[in-house]
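Here is the structure we will look at, set down as structure tokens.
First listed ligand is number 1; within each ligand, the first listed atom is number 1.
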Amino acid sequence: MTVYADNAATTKTSKTAVAAMVDCMEKYWGNPSSLHTVGQEAAEVLADARERAAKILGCEAREIYFTSGGSEADNQAIISAATIGERKGKKHIISTSIEHHAVLHTLKRLEKKGFEITLLPVGVDGIVSAEQVENALREDTCLVTIMYANNEIGSIQPIAEIGEVCKNHGVLFHTDAVQAAGHVHIDVKEQNIDMLSLAAHKFHGPRGVGLLYAKKTIPLTNIIDGGAQERGKRAGTENMPAIVGMIAALEEAVSNLDKNSAYVSALRDRLIEGLSKIPHSALNGDRNKRLPGNVSFCFEGIEGESLLLLLDEKGIYASSGSACTSGSLDPSHVLLAIGRPHEVAHGSLRLSICEENTREEIDYIIENVPKVVDYLRQMSPLWHDLEEGKKNHVI
Ligand SMILES: *Cc1c(COP(=O)(O)O)cnc(C)c1O
């Protein structure tokens with residue numbers, strides 16, 4: 001059996017999205033900026049895609065900017081707010097310690113340019129409160145950027161409450177909703193969101209495409225200069241097939257959201273219950289305020305990478321919270337932020353499931369993870385120290 005349980009990294013492109021993309025490539029291959037009929041037919045398809053995206057998010061079509069993905073949308077949102085703030089002498093930004101690197105590294109860059117960044121700590125549940133945000137606000141705060149849902153531990157933030165605090169204080173609010181879009185209900189007006197990023201490949205759309213919603217009163221800063229595409233804010237001939245595929249996938253995800261969410265969260269709960277039986281294990285993130293498909297655990301006495309390799313041999317495709325793949329031996333900043341000690345954070349496992357997973361697959365994971373964890377512990381000097389009482393168990 002093979003089980004794909006790494007949907008937080010990317011999802012399989014849906015048949016609906018693929019069909020929409022092929023149709024677009026075959027019929028609407030014109031350049032939407034061309035004035036002739038072939039171009040204008042493509043322009044109509046693009047306008048239609050923008051309207052459908054706006055309808056789903058609860059905004060106007062002119063507030064949607066298509067990008068190359070979540071990272072670009074995050075960069076543009078943050079740089080735009082910083083540019084607006086700088087003109088008014090406001091150079092303070094509030095965010096959290098568990099953001100995606102697309103946000104954290106953009107903030108680092110701004111810090112080098114003289115911005116002050118407050119990274120709010122999260123609780124053991126991986127959640128920040130609206131009150132924390134309110135207390136951190138200053139006269140010179142130009143932006144609050146807080147992710148909707150975390151990609152590693154699945155924790156969901158109180159976005160509407162944070163949005164309200166920001167609105168009341170007249171501070172721009174951006175949310176990286178890459179993990180949330182298509183999985184939880186989003187309405188930018190109701191939730192007082194000024195800017196929002198999403199990426200198609202996290203909800204069964206294609207890679208390399210996303211969008212930035214920005215309230216019409218916000219003058220965006222270009223990251224890519226050139227032609228007048230995207231109302232002059234993002235140059236480059238539009239990636240039509242990808243955009244059309246993204247909207248098809250988003251509509252599909254949103255129209256099945258309640259059904260999928262109920263099904264996937266039941267599988268998630270079964271998986272959490274099964275893996276909780278492993279001694280000295282701990283669930284990462286809040287038990288309830290978490291994405292329907294996210295299961296994240298730490299197991300004491302093992303290395304996440306070895307666990308992934310052995311699970312791969314059994315046909316289980318998962319991920320670990322640590323960043324060893326990027327050449328660094330530092331454990332995940334998210335797991336450290338929720339208070340996991342270094343050696344515990346190294347033994348992490350993220351299983352991110354979707355509506356295509358079956359109960360049999362979940363049971364296959366529940367059967368195999370404990371065996372592999374046990375096998376690795378038997379070979380681990382750290383585990384033997386823990387068992388012999390030379391070191392104390394932390395979880
Ligand atoms: C995947 C992801 C991103 C990056 O999106 P890309 O489309 O890969 O650039 C940003 N933020 C979060 C929370 C993500 O999960």
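Ligand 1 places these atoms under 4.0 Å from at least one heavy atom of Asn151: 13 (C), 15 (O). Atoms of ligand 1 found under 4.0 Å from any heavy atom of Met147 (numbered from 1 in listed order, with element): 13 (C). Atoms of ligand 1 lying under 4.0 Å from any heavy atom of Ala199, numbered from 1 in the order shown and given with element: 7 (O). In summary, the atoms of ligand 1 found under 4.0 Å from a heavy atom of Gly69, numbered by their order in the structure, are 7 (O).
The residue Asn150 has no part lying near ligand 1, judged by heavy-atom distances below 4.0 Å.
No donor-acceptor pair under 3.5 Å is formed between the side chain of Ser281 and the backbone N or O of Phe299. A donor-acceptor distance shorter than 3.5 angstrom exists from the side chain of Glu230 to the backbone of Phe66, with no hydrogens or angles considered. Side-chain atoms of His183 come within 3.5 Å of backbone N or O of Lys202 as a donor-acceptor pair. Checking side-chain atoms of Ser352 against main-chain N and O of Ala8 turns up a donor-acceptor pair under 3.5 Å. At least one donor-acceptor pair under 3.5 Å links the side chain of Arg268 to the backbone N or O of Arg290.
Where the criterion is an N or O separation shorter than 3.5 Å, residue side chain and backbone included, Gln179 meets it with respect to ligand 1.
Annotation: atom 3 (C) of ligand 1 to nearest protein heavy atom, His100 NE2, 3.5 Å. Protein heavy atom closest to atom 11 (N) of ligand 1, with residue, atom name and distance, is Asp176 OD2, 2.7 Å. Ranking the protein heavy atoms by distance from atom 14 (C) of ligand 1 puts Lys202 NZ, 3.1 Å first. Of the protein's non-hydrogen atoms, Ser71 OG, 3.5 Å is the one closest to atom 4 (C) of ligand 1.
Cation-pi geometry between Lys233 and Tyr65 is not met: the NZ or CZ atom fails to fall both under 6.0 Å from the ring centre and inside 45° of the normal.
Using a non-hydrogen distance threshold of 4.0 Å, His201 registers as a contact of ligand 1.
Of the options Ala73, Ala102, Ala8, Gly70, the smallest heavy-atom separation from atom 6 (P) of ligand 1 is shown by Gly70.
For His393 and Glu300, the side-chain atoms include at least one donor-acceptor pair closer than 3.5 Å.
Put simply, Leu311 and Leu267 are part of the same group of oily side chains (I, L, V, M, F, W, Y) that touch within less than 4.5 Å, one to the next.
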